[in-house]
There are 2 protein chains.
Amino acid sequence: MSLGDMTNLVRMRWEPDAVGRLQQAAFELFSELGYEDTTVAEIAARAGLTKRTFFRHFSDKREVLFGGSEQLTELLVTGILEAPESATPMQAASAGLDACSQMFTERHGFAAQRAELIASSPELQERELIKLASMKAAATSALVQRGVPETTAELVAETAQTVFQVGFNRWIAQDDPAAFSLLMSEALEDLREVTAL
Amino acid sequence: MSLGDMTNLVRMRWEPDAVGRLQQAAFELFSELGYEDTTVAEIAARAGLTKRTFFRHFSDKREVLFGGSEQLTELLVTGILEAPESATPMQAASAGLDACSQMFTERHGFAAQRAELIASSPELQERELIKLASMKAAATSALVQRGVPETTAELVAETAQTVFQVGFNRWIAQDDPAAFSLLMSEALEDLREVTAL
DNA sequence: TTTCGTGATGTCACTTGGTGTCATCACCCT
DNA sequence: AGGGTGATGACACCAAGTGACATCACGAAA
């Protein structure tokens with residue numbers, strides 16, 4: 001089988017990083033022409049590839065915009081699992097969100113652009129929502145792994161998603177990339193106040 | 001063609017209720033063959049129509065399963081708006097959920113079947129999620145209409161969605177169709193406990 | 001009764017997302 | 001130099017949607 005493949009200085013065959021080129025081309029074209037008016041063939045052409053190759057790297061047209069979601073899920077899950085044993089379920093979930101803050105802080109501008117693009121297309125919104133749901137499911141099972149009862153875990157994960165959605169919207173609506181964790185905490189605090197009534 | 005058809009009040013042209021026939025045919029075929037393995041042409045054929053006519057009544061293949069969502073949204077919104085003026089935002093949102101209980105209670109079996117079908121297909125899950133998001137947006141603006149500040153309204157609507165998702169899952173997992181409102185209340189109570197920690 | 005307008009449907013051609021299959025080509029290893 | 005391997009290209013194909021135009025069933029007016 002393959003032995004001497006990808007060294008870390010990676011010189012892949014042909015032009016390197018087909019995935020990256022496709023993502024870049026797609027982001028540009030979606031921004032220029034709009035999602036619906038961009039064709040997969042156009043994306044592939046700008047990346048110097050063909051339609052068929054696009055679909056070898058991405059399961060569908062939307063997926064090209066959702067590259068980092070697996071890593072983000074992993075950050076979230078490990079953040080939950082590595083929370084102190086004494087932490088309540090909700091505190092563990094918050095730790096999970098905090099563990100994601102670096103990823104977001106480094107890409108404040110990009111995240112905002114991307115969010116705007118997604119907001120412009122129902123198809124992309126649908127995909128975004130199911131990605132969030134998938135992360136919610138991952139968080140649930142991480143909580144269960146911590147010994148939290150299933151029903152509680154589901155509720156906490158659902159609540160964490162609420163906190164994230166509210167906090168994220170506030171985060172991209174302001175200028176400070178580093179405010180991520182703070183805004184998440186504030187969102188949770190506001191949620192407590194609102195449900196208390 | 002058939003003249004003595006079944007309508008007792010309204011006599012539509014050709015066979016009556018094309019929309020209903022398409023919904024029925026789609027639900028049957030999705031259950032029999034699965035969503036992905038059912039073709040729009042097949043659905044239309046079973047309803048005695050053509051593919052083109054299907055797309056005149058439904059904007060896409062998924063939409064045929066989401067008929068009642070506008071009415072449900074209206075129930076939710078009027079429930080929120082008609083809550084007593086003294087109600088807190090969260091109480092108003094709960095009143096909105098309560099206003100939906102009749103709709104659900106009457107269709108416990110159907111709702112469960114439908115939920116199972118949706119759970120079987122990512123495409124359908126995406127559509128379900130965006131419908132929920134749309135209802136959340138409607139709830140938000142209803143709350144704003146009540147004088148609730150925008151940020152609070154968003155948070156409350158998001159929280160209400162959490163309550164609904166948890167409560168709904170518990171509702172279809174048990175036998176009593178009438179337990180809807182009760183399960184919603186319990187979900188909110190559980191959420192309070194969990195976030196308090 | 002005849003005619004006419006209207007709305008729902010059928011027909012057909014077309015674009016695009018997505019897939020299966022096979023050929024090709026660049027690279028690495030022996 | 002030759003062989004294996006994995007990424008790509010080429011091509012045919014299916015299904016979701018859409019636009020344009022014809023058609024048909026009705027109700028209403030003449």
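Bear in mind the structure is a predicted one, so any value in this text is a computation, not a measurement. Residue numbering restarts at 1 for every chain, and letters A, B, ... go by the order of the sequence lines.
A search for side-chain hydrogen bond (donor to acceptor under 3.5 Å, both in side chains) contacts involving A/Asp176 returns nothing, not counting sequence neighbours. Applying the side-chain contact (heavy atoms from CB on, under 4.5 Å) rule to A/Glu126 yields the partners B/Glu126, B/Arg127, B/Ile130; only residues at least two apart in sequence or on another chain are considered. With sequence neighbours left out, B/Glu74 forms a side-chain hydrogen bond (donor to acceptor under 3.5 Å, both in side chains) with no residue at all. Scanning for side-chain hydrogen bond (donor to acceptor under 3.5 Å, both in side chains) contacts around A/Gln23 gives an empty result, with sequence neighbours left out. Partners of B/Gln91 by side-chain hydrogen bond (donor to acceptor under 3.5 Å, both in side chains), not counting sequence neighbours, listed by chain and number: B/Thr88. Among residues two or more places apart in sequence or in another chain, the ring-ring contact (aromatic ring centres under 6.0 Å, His included) test is passed with A/His57 by none. Looking at residues two or more places apart in sequence or on another chain, you find no side-chain contact (heavy atoms from CB on, under 4.5 Å) involving A/Ala99.
Other residues sharing a hydrophobic cluster with B/Leu117 under the 4.5 Å side-chain heavy-atom criterion for ILVMFWY residues are B/Val19, B/Leu22, B/Phe27, B/Leu29, B/Phe30, B/Leu33, B/Tyr35, B/Val40, B/Ile43, B/Leu49, B/Phe54, B/Phe55, B/Phe58, B/Val64, B/Leu65, B/Phe66, B/Phe110, B/Ile118, B/Leu124.
Listed by first and then second residue, the side chain to side chain donor-acceptor pair (under 3.5 Å) pairs that reach into residues 186-197 of chain B are B/Arg170-B/Asp190, B/Glu189-B/Arg192, sequence neighbours excluded.
Heavy-atom distances under 4.0 Å link DNA chain D to no residue of residues 22-31 of chain A. Only at 4.0 angstrom or more do the heavy atoms of residues 36-43 of chain A sit from any atom of DNA chain D, so none qualifies. Proximity of residues 44-59 of chain B to DNA chain D (heavy atom under 4.0 angstrom from any strand atom) is restricted to B/Lys51, B/Arg52, B/Phe55, B/Arg56, B/Ser59.
Rounded to whole Å, the distance from CD on B/Glu126 to P on D/dA16 is 16 Å. Look at CG on A/Asp60: it is 15 Å from C1' on D/dA15, rounded to the nearest Å. As a whole-Å value, the separation of B/Glu123 CD from D/dA15 P is 14 Å.
For A/Thr162 and B/Thr162, the side-chain atoms include at least one donor-acceptor pair closer than 3.5 Å.
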